Amino acid sequence: MPELPEVETIVRQLKKKICGKRIVKAEIYDTAVVDPKLKTVSSVKIVNVRRRAKYIVMELDDGHFIITHLGMTGHFHFRDRKQAPGDCEKYMVSKFLFSDGSYLTHNSIRKFGKMRLADLQQLQKISSKLGAEPLDEKFTLPYFNELLWKRLRANIKAVLMDQQAIAGVGNIYAQEALYHAGVSPLRKAGSLSAGERKSLYTELRRILLEAIRYRGTTVDNYSNLEGRGGFQDHLAVYQKERCAKDHPLQKIVVGGRGTTYCPKCQR
DNA sequence: CGGGGCTCCTGTGCGC
DNA sequence: TGCGCACAGGAGCCCC
């Protein structure tokens with residue numbers, strides 16, 4: 001399930017592979033995931049690839065943008081030259097052919113993702129509904145405190161995962177940040193002390209940066225363009241049985257999402 | 001405002 | 001061995 005670090009990794013790799021390439025043809029195999037308007041994309045150059053929250057934004061030289069949310073199981077594959085479709089193309093939902101013969105496929109098993117063509121106005125509308133980037137310099141501790149202040153009665157984990165509050169944090173990194181901050185996922189945002197808020201703020205950013213360094217977490221079907229990430233070997237609670245201090249972890253449901261935490265280390 | 005439930009989808013892993 | 005079912009979940013939606 002690509003979250004901020006996974007999407008950031010994919011964006012960095014896409015940038016190297018497809019920036020400057022000219023799309024000659026777009027093929028669409030599943031209109032539930034891919035906007036049929038993308039069929040009209042041809043003879044446009046990709047001038048930049050960037051990330052906003054969990055969205056991948058490809059900027060085209062005609063002023064349009066291809067915006068992709070990978071959902072839980074979406075991934076891209078880049079091929080230097082035409083070759084027979086392999087296993088990874090089994091769930092192909094779209095394919096972009098470039099003028100040099102290389103191509104990019106977009107695959108999705110559970111089809112929770114979305115890919116659409118947008119103009120600047122539509123892109124800005126999507127972006128305006130998303131909260132601050134947690135790794136942006138504008139995301140300061142006072143800013144974080146204010147976010148929690150606005151959502152006093154909400155569950156702290158729900159706030160971390162709320163894309164309108166903090167953009168890009170999902171179920172894995174919310175759980176990891178809470179563990180490292182020693183805060184129980186059952187707490188209300190308004191109940192955190194100043195020290196706990198500072199710790200959670202620091203740990204959230206630290207864990208996201210560390211995960212980016214490892215090129216993301218590979219669980220289930222996630223893969224970046226070049227293969228698996230490495231952060232799954234550094235997870236503290238997600239899909240774990242015991243914490244770093246060897247306490248047994250507890251699995252509960254918070255806000256409809258599976259949540260693993262340490263009742264001893266997280267208060 | 002906040003939480004709960006439902007929906008989309010399909011591979012995995014369980015019990016019988 | 002194989003069937004059937006619960007489960008996993010990001011995000012948008014509705015409802016209380």
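These figures come from a predicted structure and were not determined experimentally. Naming convention: chains lettered A, B, ... in sequence-line order (proteins, then strands); numbering from 1 in each chain.
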Legend entry - Whole-Å gap separating P (B/dC1) and CD1 (A/Ile156): 17 Å
Legend entry - Spacing of A/Tyr238 atom OH relative to C/dG10 atom P, expressed in whole Å: 8 Å
Inset, instruction - Apply side-chain contact (heavy atoms from CB on, under 4.5 Å) to A/Leu204 and A/His180, showing your working. - result: CA-CA 8 Å; A/Leu204 177 65; A/His180 289 289; over 6 Å; no
Inset, instruction - Please check if the side chain of A/Gln163 supplies one atom and the backbone of A/Gly168 the other of a donor-acceptor pair under 3.5 Å. - result: yes
Legend entry - Parallel, tilted or perpendicular: rings of A/Tyr214 and A/Phe231 (30°, 60°): tilted
Inset, instruction - Would you mind classifying the nucleic acid contact of A/Gly113 as base, sugar-phosphate or nothing, using non-hydrogen atoms under 4.0 angstrom? - result: nothing
Inset, instruction - Please tell me if the side chains of A/Tyr179 and A/Tyr261 come closer than 4.5 Å, counting only heavy atoms from C-beta onward. - result: no
Inset, instruction - For the pair A/Gln13 (side chain) and A/Ile10 (backbone), establish whether a donor and an acceptor sit closer than 3.5 Å, ignoring hydrogens and angles. - result: no
Inset, instruction - For A/Lys54 and A/Leu4, work out which heavy atoms get closest and say how close. - result: CG-N, 4.4 Å
Inset, instruction - Check every atom of C/dG9, C/dA11, B/dC9 against the side chain of A/Lys111 and return the nucleotide holding the closest atom. - result: B/dC9
Protein-nucleic acid N or O pairs under 3.5 Å, nucleotides 3-5 of chain B:
residue: B/dG3; atom: OP1; partner: A/Arg153; partner atom: O; Å: 3.4
residue: B/dG3; atom: OP1; partner: A/Asn155; partner atom: N; Å: 3.0
residue: B/dG3; atom: OP1; partner: A/Lys188; partner atom: NZ; Å: 3.0

Inset, instruction - Would you please confirm or rule out a distance under 4.0 Å between OP1 or OP2 of C/dG10 and any side-chain N or O of A/His69? - result: no
Inset, instruction - Go through the side-chain N and O atoms of A/Lys157 and A/Asn171 and say whether any donor and acceptor fall under 3.5 Å apart. - result: yes
Legend entry - Closest to the A/Phe112 side chain, choosing from B/dC9, C/dA8, C/dG12: B/dC9
Inset, instruction - Please report, rounded to the nearest Å, how far the C1' atom of C/dG10 is from the CD atom of A/Glu6. - result: 13 Å
Inset, instruction - Scan A/Glu3 against the nucleic acid and name what it touches under 4.0 Å (heavy atoms): base, sugar-phosphate only, or nothing. - result: nothing
Legend entry - Rounded distance in Å - OH (A/Tyr55) to C1' (C/dA11): 7 Å
Inset, instruction - Using a 4.5 Å cut-off on heavy atoms from C-beta on, say whether the side chain of A/Tyr55 contacts that of A/Arg116. - result: no
Inset, instruction - In whole angstrom, give the distance that lies between atom CZ of A/Arg52 and atom C1' of C/dG10. - result: 16 Å
Legend entry - Distance-only donor-acceptor test, A/Arg110 side-chain atoms vs C/dA8 base atoms, 3.5 Å: yes
Inset, instruction - Would you work out how much the helix from B/dG2-C/dC16 to B/dC16-C/dG2 bends between its ends, with each end axis defined by five base pairs, to 10 degrees? - result: 60°
Inset, instruction - Would you indicate, yes or no, if B/dC9 has its OP1 or OP2 atom less than 4.0 angstrom from a side-chain nitrogen or oxygen of A/Tyr91? - result: no
Inset, instruction - Give a yes/no on whether any side-chain N or O of A/Gln163 is located under 4.0 angstrom from OP1 or OP2 of C/dG10. - result: no
Legend entry - For atom CG of A/Leu152 and atom P of B/dC1, their distance in whole Å: 12 Å
Legend entry - Touch class at under 4.0 angstrom, heavy-atom based, for A/Lys54 against every strand present: sugar-phosphate
Legend entry - Rounded distance in Å - CE (A/Met161) to P (C/dG9): 9 Å
Inset, instruction - Write down the distance between CG (A/Asp162) and P (B/dC1), rounded to a whole number of angstrom. - result: 11 Å
Legend entry - Closest non-hydrogen atom pair between A/Leu152 and A/Lys188, with its separation: O-CB, 3.8 Å
Inset, instruction - Step by step, work out the side-chain contact (heavy atoms from CB on, under 4.5 Å) result for A/Leu70 and A/Phe76. - result: CA-CA 9 Å; A/Leu70 293 171; A/Phe76 283 112; 4.0 Å; yes
